[in-house]
Trainee: 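Can you keep this structure in mind? I'll have questions shortly.
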Amino acid sequence: MKKSVNEICNYFIEQLQSNGYFKDSSPQYFTLCVPDNEIMYEDALEICIRSIFNANKKHEKIAFSLMKEISNMDMFSAITEDQLVNLHRFIRRRDRMMFEQDFVAIGEFREKIGLTNEDNDIIKLEKMITDQQILFVDFDEKRLYPLFQLDKDSNVFNVLKRNLPILFQSLSGWDIALWLDEKRTVLIRRAEIDNDLQTTNIDDVIEIGKQAAKQSLYRTATPLQLLKEDDAMTFEIFIEDTLNSDSRNIPFK
């Protein structure tokens with residue numbers, strides 16, 4: 001049976017209080033973060049974690065010890081400590097992106113891309129969303145649209161629009177949004193090693209590998225930077241490296 005977020009968070013508070021983690025008015029951080037409506041289990045867990053770190057911004061060690069306590073509770077026994085840490089990292093990255101970037105509701109997004117409230121434009125936008133040609137994320141039970149997916153002419157970047165259906169097959173909207181803003185280094189073309197160089201000496205093998213790495217072509221950037229530079233080819237290489245890094249065929253220089 002799905003429990004309300006209040007039931008889950010109240011249980012959580014009681015458990016932490018009984019273990020001496022809270023004193024005085026500390027639980028107010030939970031009260032401020034708990035909505036009245038029913039939400040999913042994962043959202044309740046997120047609220048708990050967000051509240052822990054809001055209450056302990058200057059004491060991350062305390063916050064992580066509280067997260068360990070979560071994994072020992074009956075209600076959250078299926079959650080591992082690593083999963084909690086990863087969820088916390090995701091929350092922090094997402095919240096930072098929400099602060100740094102502009103996310104808007106569908107009405108404002110429709111205006112940004114030059115569509116009206118006329119029925120034909122509403123249907124057109126709905127089809128674009130259904131066809132996964134627009135990036136969207138869910139936040140606090142609302143669907144939001146990041147404006148950084150738009151080019152200088154207020155159109156979704158062509159190469160992004162073309163590849164969003166592929167990305168959505170493996171990633172969520174938030175995964176894609178955070179990936180777009182994540183700096184990464186990708187091997188574009190690898191150096192060709194002289195096949196005549198045959199050695200079993202481990203030091204020689206390591207040195208050959210180092211030389212090959214130095215001579216290979218890499219690109220360090222965020223995918224969003226590549227979109228702004230209109231570098232569609234490298235953008236699609238970044239996608240392939242993300243989705244198929246083990247099986248990717250890397251050409252020689």
Side-chain angles (χ1 to χ4, degrees), residues 5 8-9 12 29-30 32-35 39-71 76 78-105 109 132 134-150 156-157 159-160 163-164 166-186 219-229 234-235 237-245:
V5 64
I8 293 176
C9 290
F12 182 76
Y29 290 97
F30 284 86
L32 293 172
C33 290
V34 177
I39 62 173
M40 297 299 291
Y41 172 92
E42 292 82 3
D43 295 328
L45 180 59
E46 176 183 320
I47 288 172
C48 293
I49 294 175
R50 181 198 295 271
S51 300
I52 287 173
F53 280 87
N54 283 344
N56 296 279
K57 286 181 178 178
K58 296 181 180 179
H59 305 285
E60 283 216 350
K61 289 184 178 179
I62 296 175
F64 276 105
S65 71
L66 295 177
M67 287 173 62
K68 290 182 181 179
E69 190 68 27
I70 296 177
S71 60
F76 299 114
I79 305 295
T80 67
E81 185 179 332
D82 286 344
Q83 288 172 320
L84 289 174
V85 171
N86 288 335
L87 178 57
H88 168 246
R89 287 173 179 164
F90 162 73
I91 293 170
R92 294 183 74 174
R93 291 181 64 203
R94 184 199 61 191
D95 289 354
R96 183 171 64 248
M97 173 170 275
M98 291 287 293
F99 177 77
E100 294 175 349
Q101 302 284 357
D102 292 324
F103 290 77
V104 298
F109 187 79
Q132 297 180 323
I134 291 176
L135 176 60
F136 56 83
V137 299
D138 294 318
F139 183 75
D140 285 348
E141 300 184 8
K142 298 177 183 177
R143 179 154 289 181
L144 300 175
Y145 301 82
L147 295 184
F148 58 73
Q149 66 183 302
L150 303 180
V156 178
F157 287 103
V159 65
L160 176 61
N163 284 280
L164 274 174
I166 298 172
L167 290 166
F168 270 120
Q169 287 179 12
S170 304
L171 305 173
S172 70
W174 273 116
D175 290 332
I176 298 170
L178 293 171
W179 172 80
L180 283 169
D181 198 40
E182 180 183 17
K183 182 176 286 189
R184 55 199 299 121
T185 299
V186 173
R219 180 66 197 275
T220 299
T222 67
L224 187 56
Q225 178 183 341
L226 299 175
L227 290 176
K228 292 178 179 179
E229 294 174 358
T234 305
F235 181 81
I237 291 174
F238 271 50
I239 291 177
E240 186 180 0
D241 187 75
T242 298
L243 301 181
N244 304 298
S245 58

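Counting from 1, the numbers follow the sequence of the chain as shown. Just so it is clear, the model here is predicted, and its values are computed rather than measured.
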Trainee: Phe136: what forms a ring-ring contact (aromatic ring centres under 6.0 Å, His included) with it, not counting sequence neighbours?
Mentor: Phe168

Trainee: Is the shortest heavy-atom distance from the side chain of Leu227 to the side chain of Leu180 under 4.5 Å?
Mentor: yes

Trainee: Identify, with sequence neighbours excluded, every residue that meets side chain to side chain donor-acceptor pair (under 3.5 Å) alongside Ser245.
Mentor: none

Trainee: Side-chain contact test, heavy atoms from C-beta onward, threshold under 4.5 Å: evaluate it for Asp95 versus Phe139 and give yes or no.
Mentor: yes

Trainee: Not counting sequence neighbours, which residues clear side chain to side chain donor-acceptor pair (under 3.5 Å) with Arg96? List them please.
Mentor: none

Trainee: Could you give the distance from CH2 (Trp174) to CZ (Arg93), rounded to the nearest 0.5 Å?
Mentor: 10.5 Å

Trainee: Could you tell me which non-hydrogen atom of Glu182 sits nearest to which non-hydrogen atom of Pro223, and how far apart they are?
Mentor: O-CD, 3.4 Å

Trainee: Please enumerate all residues that pass side chain to side chain donor-acceptor pair (under 3.5 Å) together with Asp241, with sequence neighbours excluded.
Mentor: Arg248

Trainee: Among all residues two or more places apart in sequence or in another chain, which pass the salt bridge (Lys or Arg N to Asp or Glu O under 4.0 Å) test with Asp138?
Mentor: Arg143

Trainee: Using the test side chain to side chain contact (heavy atoms under 4.5 Å, CB included), find all partners of Lys142 that sit at least two apart in sequence or belong to another chain.
Mentor: none

Trainee: Any pair with a residue in residues 169-180 that passes salt bridge (Lys or Arg N to Asp or Glu O under 4.0 Å), sequence neighbours left out, goes on the list, sorted by first then second residue, please.
Mentor: none

Trainee: Rounded to the nearest 0.5 Å, what's the gap from CG on Leu178 to CZ on Arg94? Could you check?
Mentor: 9.0 Å

Trainee: Which distance, rounded to the nearest 0.5 Å, do you find between the CD1 of Ile239 and the CG of Leu167?
Mentor: 4.5 Å

Trainee: Only counting residues at least two apart or in another chain, list the ones meeting salt bridge (Lys or Arg N to Asp or Glu O under 4.0 Å) with Glu229.
Mentor: Arg219

Trainee: Could you tell me the separation between the CG atom of Leu243 and the CD atom of Gln169, rounded to the nearest 0.5 Å?
Mentor: 9.0 Å

Trainee: Could you tell me which residues satisfy side chain to side chain contact (heavy atoms under 4.5 Å, CB included) with Gln149, sequence neighbours excluded, listed by chain and number?
Mentor: Phe109, Ile134, Leu135, Tyr145, Pro146, Val156, Leu160

Trainee: Report the residues that fulfil side chain to side chain donor-acceptor pair (under 3.5 Å) with Trp179, sequence neighbours left out, ordered by chain and then residue number.
Mentor: Thr242

Trainee: Might you point out which heavy atoms bring Phe157 and Leu150 nearest each other, and give the distance in Å?
Mentor: CE1-O, 3.5 Å

